[in-house]
Amino acid sequence: MPLPTLRPLAGGILIALSTVATAQDARLAPIVVTATRSAQSPYDIAAAIDVVTTPEDGSLDVNLSERVQAIPGLVVRDRQNYAQDAQVSIRGFGARSTFGIRGIRLYTDGVPASMPDGQGQVSHFNLDSAERIEVLRGPFSALYGNASGGVVQVFTADGTDPAELRFGVAGGSNGNLRSSVNARGVDGPVDYNIDFTHFRTSGYRDHSAARRESGNAKIGWKVNEDAKLTLVLNALDVPDAQDPLGLTHAQFKADPRQAAAVADTYDTRKSVDQQQVGLIYDQRIDTSNSLRVMSYYGQRGVTQYLSIPVATQVAQPGNSGGVVDLDNEYGGGDVRWTWRDTLAGRPFELAAGVAYDNQEQHRQGYENFVGNQLGVRGAKRRDEIDRVFDFDQYAQATWRVADDWTLMGGVRHSEVRFRSSDRYVAPGNPDDSGTVRYAATTPVFGVLWRAAPWLHAYANWGRGFETPTFSELGYRADRGAGLAFDLKPSRSGNAEVGLKLRPSARVEAGLALFRADSDDELAVATNLGGRTTYQNIARSRRQGIEASFNAELAHDVHLVAAYTRLQASFRTPFLTCVSAGCAAPDTPVQAGTRIPGVPRATGYAALKLGGEVGWQAGLDMNAMGATSANDLGTASAAGYTLFGLSGGYVFDNGPWRVNTFARVDNLADRHVVGSVIVNDGNGRYDEPAPGRTFLVGVDVRWR
């Protein structure tokens, strides 16, 4: 990145720091994090890690994108399509996913929300009961195993004393309505937080209505002074969420609220039903040793109706049909021992453990027609049992070798095995059964220097890897039987240097430079008859700069800002498909072409006025740079800047606390592409964001 780009940014941060350092009275709330497996202040960790807590200014509180705008390097795009999960990427990892979330690890209360193959979802994250969200970026995320381009963890709040009963309702444009009820408290050795949230929307676009019920419960039992047992339950129900599909750029320009014509023709939609339980046991053995045991089990059912044309299904015996039916059972566990003492007279901590995760998926495919009736389940075209499991061993150590220096390091060995048993073999559709195994050892090392009480500097380096998911392994480019055994896991080398500044108790800032070089990046090879095959690209690179700023400028005046500049590109040329009907890669992609789905830059700033009670107001800005939409780099979505305005009044009188709020988003009513569908075979890359929208709501607490 050229120096002229960095100088004004660094200068602006230093000017802001010198300005707020002279203010008085207000203080930032202290925060601890657990993303490094030990509760510490982010200021003392040799890695890029951020925490956001529950906002008090009121929001719809349904989508992850509402909470994490102020975290640099993290992009969460609300697709305005509840038949597809949000798009989540960290420093460009995960951006290529067209559905689901890949390339980053997801957790809720320490329980994995990512499957062993690296694919996950955030739709069951219950934000109404959450206390905080932690995001770990850079090399140390590799210690979480396969597909760790970054780590996102959501933590449910503990029970409160005195007990609280909370009710909330918020509604506004496009038929959005969120209602919730939450109970949290402490009863002797038991604390609890139980929540139920209902959300429905008519949708900004045609054919985009959806309904979602989300339940979450965390119940802790303090067995004795040294042991605690925590039960985590959550459930999700999304029945028949309509899918408007993407639009071509011409369609977007003509009417951003329309749905693709085939969405109505085939009634494209998706239903999700999930239940999950986790059990966590924490035991302090003595003053130096502790043990943590976690186990979990879940079921997830998905039924999705696609828009694959009837003619394509009829003409191709190997086609899987236009209806996808997935039944998943998954579970696993993690056992970790932690030792805290001294080494050579200096504080030392070591954590070591083993983890096992297992997923069994019954995947079936059906035609999406019966006779002349479209958008209904027809004859079976696919039936297979897919299983994937991992077994990992890891260790991580922190050693404060001197008052001003801390060393951190770790290593993880991962083994991931895939097995597919094809139960649908017919003429033109051969037996696709097979197995494949991947393994990797990923070391990481970091150092933190306390240059001054107000300035900490750090550097780290590590290796990472990402296996193909079952979605990429399902078919071979040569159309032969079996899994795509030729696909390799992507392996990366990651480096980062950064500064963490805290010139006073009321102001924090950060600056990080990073680079990740990957070998065998996954990219599309062919699109044919609804089957997408993949290939490995020799080399790719992601590099950039992140900056963040968080301060109380004066009493009840809070400023937060984040900026990311990211260059993500293929470093070697390769061939790819251009049309949905190509049978082999036939079009060259030049070295230096931008990786699709990655914006050139992102920015966020918010000025908030008001304290814990009384009037509140806020002005915020979201900026997104231009985003490439395909591997060729011939299609892209333009960048944009959007502004929002919020306000409200908080009453706090005796046992009652009432938060009334209102928001206006996209004040200028701009028509922009909020997210892109990467490498869409029909050229329907654009997913429009809403124009000007309004939201009003009230959250009530009774103590």
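Throughout, numbering of the chain's residues begins at 1 and tracks the sequence.
Judged by distance alone, with hydrogens and angles left aside, the side-chain atoms of Q242 form a donor-acceptor pair with the main-chain N or O of A209 at under 3.5 Å. Side-chain atoms of R132 never come within 3.5 Å of backbone atoms of V51 as a donor-acceptor pair (strictly under, hydrogens ignored). Here the side chain of D264 pairs no donor or acceptor atom with the backbone of H207 at under 3.5 angstrom. A donor-acceptor pair under 3.5 Å is formed between the side chain of E66 and the backbone N or O of V62. A side-chain donor-acceptor contact under 3.5 Å links N328 to the backbone of R300. Looking at D327, its side chain never comes within 3.5 Å of a backbone N or O of H362 through a donor-acceptor pair. The backbone N or O of A263 lies less than 3.5 Å from no partner atom in the side chain of D243, so there is not a single donor-acceptor pair. With hydrogens and angles disregarded, no donor-acceptor distance shorter than 3.5 Å links the side chain of R137 to the backbone of A47. Of the possible polar contacts, none joining the S414 side chain to the D392 backbone as a donor-acceptor pair under 3.5 Å is found.
Residue D669 qualifies as enclosed at atom CG: its count of foreign heavy atoms under 6.0 Å is above 12.
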Worked check of salt bridge (Lys or Arg N to Asp or Glu O under 4.0 Å) between R102 and E472: CA-CA 11 Å; R102 298 183 180 90; E472 287 101 7; 3.2 Å; yes

Steps toward salt bridge (Lys or Arg N to Asp or Glu O under 4.0 Å) verdict (R166, D128): CA-CA 10 Å; R166 303 184 178 193; D128 190 58; over 6 Å; no

Side chain to side chain donor-acceptor pair (under 3.5 Å) evaluation trace for S141 with R91: CA-CA 12 Å; S141 58; R91 293 180 175 177; over 6 Å; no

Worked check of salt bridge (Lys or Arg N to Asp or Glu O under 4.0 Å) between K218 and D158: CA-CA 8 Å; K218 188 175 83 166; D158 292 331; 2.7 Å; yes

Full working for salt bridge (Lys or Arg N to Asp or Glu O under 4.0 Å) between D191 and R184: CA-CA 7 Å; D191 72 274; R184 59 184 72 180; over 6 Å; no

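Pairing each heavy atom of G203 with each of S208, the nearest pair is CA-OG, 3.1 Å. For the residue pair N81 and L245, the shortest heavy atom distance occurs at ND2-N, 4.5 Å. Of all heavy-atom pairs spanning S173 and R692, the tightest one is OG-O, 4.5 Å. The minimum heavy-atom distance between A95 and V678, with the atom names listed, is O-CG2, 3.6 Å. The heavy-atom pair separating A662 from V696 by the smallest distance is CB-CG1, 3.9 Å. Between Y107 and F125, the shortest heavy-atom contact is O-CZ, 3.6 Å.
Taking 4.5 Å as the limit, every side-chain heavy atom of D195 sits out of range of all side-chain heavy atoms of T156. By the 4.5 Å heavy-atom criterion applied to side chains, V68 and Y604 are not counted as neighbours. The shortest distance between side-chain heavy atoms of S202 and N174 does not fall below 4.5 Å. The closest side-chain heavy-atom distance from R67 to D61 is below 4.5 Å. The shortest distance between side-chain heavy atoms of V75 and M624 falls below 4.5 Å. Contact of the F140 side chain with the I49 side chain is not registered, since no non-hydrogen atoms from C-beta on lie closer than 4.5 Å. Counting heavy atoms from C-beta on, the side chains of W702 and F167 never come closer than 4.5 Å. When side chains are defined from C-beta on, V598 does not count as touching S89, because their heavy atoms never get closer than 4.5 Å.
In summary, the side chains of R77 and T627 do present a donor paired with an acceptor at a separation below 3.5 Å, with no hydrogens or angles considered. With hydrogens and angles left out, the side-chain atoms of Q361 and Y330 include no donor and acceptor closer than 3.5 Å. The closest side-chain donor-acceptor pair between D78 and Q80 falls under 3.5 angstrom. N126 and S214 are linked by a side-chain donor-acceptor pair at a separation below 3.5 angstrom, with hydrogens and angles left out of the test.
Judged as a salt bridge (Lys or Arg N to Asp or Glu O under 4.0 Å), and not counting sequence neighbours, D85 has no contacts. Not a single salt bridge (Lys or Arg N to Asp or Glu O under 4.0 Å) links D282 to another residue, sequence neighbours left out.
Taken to the nearest 0.5 Å, the CD atom of Q616 stands 8.5 Å off from the OG1 atom of T660. With rounding to the nearest 0.5 angstrom, the OH atom of Y685 is 7.0 Å from the CG atom of N679. Between the CD1 atom of I194 and the CG atom of L165 there is a distance of 11.0 Å, given to the nearest 0.5 Å.
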